[in-house]
Number of protein chains: 2
Amino acid sequence: MTDDRLSLVFSALADPTRRDIVARLATGDATVNELAEPYEVTVQAVSKHIKVLQDAGLVSRSREAQRRPCHLEAEVFDLMTKWIERYRREAEDRFRRLDALLEQLDARPTTEPPAKEAAS
Amino acid sequence: MTDDRLSLVFSALADPTRRDIVARLATGDATVNELAEPYEVTVQAVSKHIKVLQDAGLVSRSREAQRRPCHLEAEVFDLMTKWIERYRREAEDRFRRLDALLEQLDARPTTEPPAKEAAS
DNA sequence: AAGGTATTTAACCATCCGGTTGAATATGAG
DNA sequence: CTCATATTCAACCGGATGGTTAAATACCTT
(Lines give C-alpha, C1' and ligand atoms only; values in the text may rest on other atoms or scores of the structure.)
Protein backbone atom coordinates (compact mmCIF):
# COMPACT_ATOMS: atom_id res chain seq x y z
CA MET A 1 0.00 0.00 0.00
CA THR A 2 2.69 2.47 0.96
CA ASP A 3 5.28 1.69 -1.69
CA ASP A 4 5.92 5.23 -2.81
CA ARG A 5 9.16 6.76 -1.68
CA LEU A 6 7.71 9.58 0.37
CA SER A 7 5.54 7.21 2.39
CA LEU A 8 8.52 4.98 3.07
CA VAL A 9 10.62 7.92 4.24
CA PHE A 10 7.97 9.45 6.51
CA SER A 11 7.07 6.04 7.84
CA ALA A 12 10.71 5.24 8.58
CA LEU A 13 11.15 8.45 10.53
CA ALA A 14 7.90 7.99 12.46
CA ASP A 15 9.77 5.73 14.89
CA PRO A 16 11.81 7.46 17.62
CA THR A 17 14.45 4.73 17.66
CA ARG A 18 14.96 5.09 13.95
CA ARG A 19 15.20 8.86 14.19
CA ASP A 20 17.75 8.30 16.91
CA ILE A 21 19.73 6.03 14.63
CA VAL A 22 19.64 8.65 11.90
CA ALA A 23 20.87 11.26 14.36
CA ARG A 24 23.67 8.93 15.37
CA LEU A 25 24.62 8.22 11.76
CA ALA A 26 24.72 11.93 11.00
CA THR A 27 27.87 12.08 13.13
CA GLY A 28 29.52 9.19 11.33
CA ASP A 29 29.08 5.70 9.89
CA ALA A 30 28.47 2.84 12.31
CA THR A 31 27.83 -0.90 12.36
CA VAL A 32 24.66 -2.59 13.54
CA ASN A 33 26.34 -3.75 16.72
CA GLU A 34 27.63 -0.28 17.50
CA LEU A 35 24.20 1.20 16.83
CA ALA A 36 22.47 -1.41 18.96
CA GLU A 37 24.70 -0.90 21.96
CA PRO A 38 22.90 2.11 23.54
CA TYR A 39 19.46 0.50 23.32
CA GLU A 40 17.85 -2.23 25.35
CA VAL A 41 16.43 -4.02 22.36
CA THR A 42 18.21 -6.93 20.70
CA VAL A 43 20.62 -6.45 17.84
CA GLN A 44 18.11 -8.22 15.59
CA ALA A 45 15.54 -5.54 16.25
CA VAL A 46 18.06 -2.85 15.33
CA SER A 47 18.92 -4.80 12.20
CA LYS A 48 15.25 -4.63 11.25
CA HIS A 49 15.16 -0.89 11.88
CA ILE A 50 18.13 -0.43 9.61
CA LYS A 51 16.40 -2.48 6.95
CA VAL A 52 13.50 -0.06 7.09
CA LEU A 53 15.80 2.95 6.81
CA GLN A 54 17.59 1.27 3.94
CA ASP A 55 14.35 0.52 2.06
CA ALA A 56 13.45 4.18 2.45
CA GLY A 57 16.78 5.13 0.89
CA LEU A 58 17.94 6.91 4.03
CA VAL A 59 20.80 4.51 4.73
CA SER A 60 23.25 2.60 2.58
CA ARG A 61 25.55 -0.25 3.60
CA SER A 62 29.04 -1.31 2.65
CA ARG A 63 31.16 -4.31 3.51
CA GLU A 64 34.31 -4.33 5.55
CA ALA A 65 35.30 -7.83 6.72
CA GLN A 66 32.39 -9.18 8.79
CA ARG A 67 31.10 -5.70 9.46
CA ARG A 68 28.52 -3.89 7.34
CA PRO A 69 28.77 -0.23 8.24
CA CYS A 70 25.70 1.98 7.80
CA HIS A 71 25.98 5.29 5.99
CA LEU A 72 23.42 8.09 6.05
CA GLU A 73 22.19 9.21 2.64
CA ALA A 74 21.37 12.88 3.10
CA GLU A 75 19.90 13.51 -0.35
CA VAL A 76 16.66 11.74 0.48
CA PHE A 77 15.86 14.49 2.94
CA ASP A 78 15.33 16.78 -0.03
CA LEU A 79 12.29 14.80 -1.04
CA MET A 80 10.64 15.50 2.31
CA THR A 81 11.73 19.08 2.55
CA LYS A 82 10.32 19.83 -0.89
CA TRP A 83 6.98 18.28 -0.05
CA ILE A 84 6.75 20.02 3.30
CA GLU A 85 7.84 23.40 2.04
CA ARG A 86 5.39 23.30 -0.82
CA TYR A 87 2.30 22.89 1.30
CA ARG A 88 3.54 25.08 4.08
CA ARG A 89 4.07 27.86 1.60
CA GLU A 90 0.61 27.42 0.09
CA ALA A 91 -1.01 27.41 3.50
CA GLU A 92 0.92 30.45 4.61
CA ASP A 93 0.15 32.34 1.43
CA ARG A 94 -3.49 31.59 1.90
CA PHE A 95 -3.27 32.78 5.48
CA ARG A 96 -1.58 35.97 4.35
CA ARG A 97 -4.27 36.62 1.75
CA LEU A 98 -7.00 36.07 4.32
CA ASP A 99 -5.19 38.39 6.68
CA ALA A 100 -5.00 41.08 4.03
CA LEU A 101 -8.68 40.64 3.24
CA LEU A 102 -9.61 41.02 6.88
CA GLU A 103 -7.50 44.14 7.18
CA GLN A 104 -9.20 45.56 4.12
CA LEU A 105 -12.64 44.85 5.54
CA ASP A 106 -11.53 46.27 8.83
CA ALA A 107 -10.57 49.52 7.18
CA ARG A 108 -14.12 50.10 5.97
CA PRO A 109 -16.51 52.24 8.02
CA THR A 110 -18.29 50.04 10.53
CA THR A 111 -21.56 51.88 9.95
CA GLU A 112 -22.10 49.84 6.80
CA PRO A 113 -23.46 46.30 7.00
CA PRO A 114 -20.77 43.57 6.57
CA ALA A 115 -20.89 43.74 2.77
CA LYS A 116 -22.87 40.57 2.26
CA GLU A 117 -22.74 40.35 -1.55
CA ALA A 118 -23.21 44.03 -2.34
CA ALA A 119 -24.63 43.15 -5.76
CA SER A 120 -23.68 45.66 -8.45
CA MET B 1 4.78 4.31 22.48
CA THR B 2 4.94 7.08 19.92
CA ASP B 3 3.37 9.92 21.85
CA ASP B 4 6.01 12.52 21.07
CA ARG B 5 4.94 15.19 18.63
CA LEU B 6 7.51 14.47 15.95
CA SER B 7 6.51 10.80 15.78
CA LEU B 8 2.87 11.77 15.47
CA VAL B 9 3.60 14.20 12.65
CA PHE B 10 5.82 11.86 10.65
CA SER B 11 3.43 9.00 11.23
CA ALA B 12 0.47 11.10 10.10
CA LEU B 13 2.20 12.05 6.86
CA ALA B 14 3.36 8.48 6.17
CA ASP B 15 -0.07 7.77 4.65
CA PRO B 16 -0.62 8.90 1.03
CA THR B 17 -4.31 9.63 1.60
CA ARG B 18 -3.46 11.87 4.54
CA ARG B 19 -0.77 13.69 2.57
CA ASP B 20 -3.39 14.16 -0.11
CA ILE B 21 -5.78 15.63 2.42
CA VAL B 22 -3.10 18.01 3.61
CA ALA B 23 -2.43 19.06 0.02
CA ARG B 24 -6.14 19.63 -0.43
CA LEU B 25 -6.40 21.67 2.77
CA ALA B 26 -3.46 23.81 1.72
CA THR B 27 -5.77 25.31 -0.91
CA GLY B 28 -8.54 26.03 1.57
CA ASP B 29 -10.58 24.72 4.49
CA ALA B 30 -12.96 21.85 3.86
CA THR B 31 -15.42 19.60 5.68
CA VAL B 32 -15.08 15.86 6.17
CA ASN B 33 -17.72 15.17 3.54
CA GLU B 34 -16.06 17.42 1.00
CA LEU B 35 -12.70 15.82 1.69
CA ALA B 36 -14.14 12.32 1.44
CA GLU B 37 -15.84 12.93 -1.90
CA PRO B 38 -12.84 12.27 -4.21
CA TYR B 39 -11.92 8.98 -2.51
CA GLU B 40 -13.48 5.58 -2.67
CA VAL B 41 -13.29 5.00 1.06
CA THR B 42 -16.16 5.73 3.41
CA VAL B 43 -16.57 9.05 5.12
CA GLN B 44 -15.83 7.31 8.42
CA ALA B 45 -12.40 6.32 7.19
CA VAL B 46 -11.69 9.93 6.22
CA SER B 47 -12.96 11.04 9.60
CA LYS B 48 -10.37 8.77 11.18
CA HIS B 49 -7.62 10.18 8.98
CA ILE B 50 -8.55 13.67 10.05
CA LYS B 51 -8.43 12.59 13.67
CA VAL B 52 -4.86 11.44 13.11
CA LEU B 53 -3.90 14.73 11.46
CA GLN B 54 -5.58 16.60 14.27
CA ASP B 55 -3.76 14.62 16.98
CA ALA B 56 -0.52 15.46 15.20
CA GLY B 57 -1.44 19.14 15.34
CA LEU B 58 -1.53 19.44 11.57
CA VAL B 59 -5.24 20.19 11.39
CA SER B 60 -7.67 22.14 13.56
CA ARG B 61 -11.46 22.11 13.44
CA SER B 62 -14.16 24.68 13.94
CA ARG B 63 -17.91 24.49 14.06
CA GLU B 64 -20.36 25.97 11.57
CA ALA B 65 -23.89 24.57 11.88
CA GLN B 66 -23.62 20.77 11.44
CA ARG B 67 -20.35 21.13 9.59
CA ARG B 68 -16.90 20.98 11.17
CA PRO B 69 -14.51 22.48 8.68
CA CYS B 70 -10.86 21.38 8.76
CA HIS B 71 -8.10 23.94 8.74
CA LEU B 72 -4.43 23.25 8.01
CA GLU B 73 -2.03 24.37 10.73
CA ALA B 74 1.14 25.20 8.85
CA GLU B 75 3.33 25.95 11.87
CA VAL B 76 3.74 22.29 12.76
CA PHE B 77 5.74 21.82 9.60
CA ASP B 78 8.51 23.81 11.24
CA LEU B 79 9.09 21.02 13.73
CA MET B 80 9.80 18.56 10.94
CA THR B 81 11.81 20.96 8.84
CA LYS B 82 14.03 21.77 11.79
CA TRP B 83 14.68 18.12 12.54
CA ILE B 84 15.32 17.24 8.91
CA GLU B 85 17.56 20.20 8.21
CA ARG B 86 19.63 19.59 11.27
CA TYR B 87 20.67 16.08 10.36
CA ARG B 88 20.93 16.76 6.69
CA ARG B 89 23.33 19.58 7.43
CA GLU B 90 25.43 17.42 9.74
CA ALA B 91 25.57 14.62 7.18
CA GLU B 92 26.46 17.01 4.38
CA ASP B 93 29.13 18.73 6.44
CA ARG B 94 30.65 15.38 7.21
CA PHE B 95 30.52 14.48 3.55
CA ARG B 96 32.21 17.73 2.65
CA ARG B 97 34.99 17.14 5.19
CA LEU B 98 35.55 13.65 3.86
CA ASP B 99 35.63 15.05 0.36
CA ALA B 100 38.24 17.59 1.34
CA LEU B 101 40.30 14.91 3.02
CA LEU B 102 40.21 12.76 -0.07
CA GLU B 103 41.24 15.68 -2.24
CA GLN B 104 44.12 16.36 0.10
CA LEU B 105 45.27 12.75 -0.09
CA ASP B 106 44.80 12.83 -3.83
CA ALA B 107 47.14 15.80 -4.09
CA ARG B 108 50.03 13.76 -2.69
CA PRO B 109 52.51 12.26 -5.14
CA THR B 110 51.23 8.93 -6.40
CA THR B 111 54.76 7.48 -6.50
CA GLU B 112 54.45 6.76 -2.80
CA PRO B 113 52.59 3.63 -1.66
CA PRO B 114 49.00 4.32 -0.42
CA ALA B 115 50.36 5.09 3.06
CA LYS B 116 48.88 1.96 4.60
CA GLU B 117 51.43 0.94 7.26
CA ALA B 118 54.56 0.66 5.11
CA ALA B 119 55.52 -2.52 6.92
CA SER B 120 58.29 -4.87 5.69
C1' DA C 1 38.94 -27.79 9.63
C1' DA C 2 37.41 -25.39 13.92
C1' DG C 3 36.06 -21.53 16.32
C1' DG C 4 34.81 -16.55 17.07
C1' DT C 5 32.51 -12.31 15.69
C1' DA C 6 28.98 -9.75 12.97
C1' DT C 7 24.77 -9.96 10.85
C1' DT C 8 20.56 -11.80 8.87
C1' DT C 9 16.65 -15.08 8.50
C1' DA C 10 12.71 -17.63 10.34
C1' DA C 11 8.99 -18.35 13.16
C1' DC C 12 6.22 -16.54 16.40
C1' DC C 13 3.47 -13.07 19.28
C1' DA C 14 0.99 -8.80 20.75
C1' DT C 15 -0.36 -4.60 19.21
C1' DC C 16 -1.40 -1.02 15.88
C1' DC C 17 -3.55 0.57 11.60
C1' DG C 18 -6.69 1.36 7.80
C1' DG C 19 -10.68 -0.23 6.36
C1' DT C 20 -15.56 -1.87 6.89
C1' DT C 21 -20.71 -1.79 8.67
C1' DG C 22 -24.08 -0.22 11.88
C1' DA C 23 -25.66 2.68 15.48
C1' DA C 24 -25.34 7.09 17.96
C1' DT C 25 -24.96 12.09 18.37
C1' DA C 26 -25.49 17.00 16.97
C1' DT C 27 -27.46 20.59 14.43
C1' DG C 28 -30.69 22.86 11.24
C1' DA C 29 -35.26 22.86 8.53
C1' DG C 30 -40.36 21.85 8.12
C1' DC D 1 -41.74 16.77 17.18
C1' DT D 2 -39.90 14.74 13.06
C1' DC D 3 -36.90 14.43 9.36
C1' DA D 4 -32.54 15.21 6.94
C1' DT D 5 -27.64 16.22 7.00
C1' DA D 6 -22.96 15.95 8.97
C1' DT D 7 -20.08 13.68 11.82
C1' DT D 8 -18.47 10.45 15.18
C1' DC D 9 -18.40 6.12 17.98
C1' DA D 10 -18.21 0.99 18.50
C1' DA D 11 -17.13 -3.42 17.15
C1' DC D 12 -14.90 -6.09 14.09
C1' DC D 13 -11.35 -7.85 10.46
C1' DG D 14 -6.96 -8.67 7.89
C1' DG D 15 -2.46 -7.14 7.27
C1' DA D 16 1.58 -4.53 8.84
C1' DT D 17 4.84 -3.53 12.62
C1' DG D 18 8.08 -3.95 16.49
C1' DG D 19 9.61 -7.02 19.45
C1' DT D 20 11.30 -11.70 20.91
C1' DT D 21 14.26 -16.35 20.62
C1' DA D 22 16.67 -19.74 17.91
C1' DA D 23 19.07 -20.99 13.89
C1' DA D 24 21.64 -19.84 9.69
C1' DT D 25 25.05 -17.32 7.05
C1' DA D 26 29.33 -14.70 6.18
C1' DC D 27 33.87 -13.56 7.10
C1' DC D 28 38.18 -13.61 9.74
C1' DT D 29 41.67 -16.08 12.73
C1' DT D 30 44.06 -20.07 14.33
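If you're wondering where the values come from, they're calculated on a predicted model, not measured in any experiment. The sequence lines fix the lettering, A, B, ..., with proteins before strands; numbering per chain opens at 1.
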Whole-Å distance, B:Glu64 CD to D:dT7 C1', equals 14 Å

If only side-chain N and O atoms of A:Ser47 are considered, is one of them under 4.0 Å from the OP1 or OP2 phosphate oxygen of C:dT7?
no

Ignoring hydrogens and angles, state whether a donor on the side chain of B:Ser7 or B:Asp4 is under 3.5 Å from an acceptor on the partner side chain. yes

Considering only heavy side-chain atoms of B:Thr42, the closest of C:dT21, C:dT7, C:dG18 is C:dT21

Check the phosphate of C:dT27 against B:Arg63, side-chain N and O only, distance under 4.0 Å to OP1 or OP2. Yes or no?
yes

Separation of D:dT17 atom P from A:Leu8 atom CG, nearest Å, is 9 Å

| said: Hydrophobic clustering (ILVMFWY, side-chain heavy atoms < 4.5 Å, transitive) - are B:Val52 and B:Met80 grouped together? | reply: no

Quick one: do B:Val59 and B:Leu8 end up in the same hydrophobic cluster if we chain Ile, Leu, Val, Met, Phe, Trp and Tyr together by side-chain heavy atoms under 4.5 Å apart? no

Comparing B:Arg61 with A:Glu40, nearest DNA chain D nucleotide closer to 5' gives the residue B:Arg61

Distance col, row A:Asp29:CG vs A:Leu72:CG, nearest 0.5 angstrom, shows 8.5 Å

Of the listed C:dT7, D:dT8, D:dT21, the closest approach to the A:Arg67 side chain comes from C:dT7

Practice item. Report yes if a side-chain nitrogen or oxygen of A:Thr31 is closer than 4.0 Å to either non-bridging phosphate oxygen (OP1 or OP2) of C:dT7; otherwise report no. Key: yes

Note to self: Using a 3.5 Å distance criterion without hydrogens, assess whether the side chain of A:Arg19 forms a donor-acceptor pair with backbone atoms of A:Leu13.
What the structure shows: yes

Whole-Å distance, A:Phe10 CZ to C:dG18 C1', equals 19 Å

Rounded to whole Å, the OH-P distance (B:Tyr39 to C:dG18) equals 14 Å

Of C:dG28, D:dA26, D:dT7, the nucleotide closest to the side chain of B:Asn33 is D:dT7

From CG of B:Asp20 across to C1' of C:dG18 the rounded distance in Å is 16 Å

Side-chain contact check for A:Gln66: nearest option of D:dT7, C:dG4, D:dA6 is C:dG4

The residue, B:Gln54 or A:His49, whose nearest nucleotide of DNA chain D is more 5′ is B:Gln54

Which of C:dT27, D:dT7, D:dA11 is nearest the side chain of B:Lys48? It is D:dA11

From CD1 of A:Ile50 across to P of C:dT7 the rounded distance in Å is 8 Å

In whole angstroms, the gap separating P of D:dG19 from NZ of A:Lys51 amounts to 16 Å

In whole angstroms, the gap separating C1' of D:dT5 from CZ of B:Arg68 amounts to 14 Å

Exercise for the section: Please confirm whether any donor atom in the side chain of B:Gln44 sits under 3.5 Å from an acceptor in the base of C:dG22, or the reverse. Expected result: yes

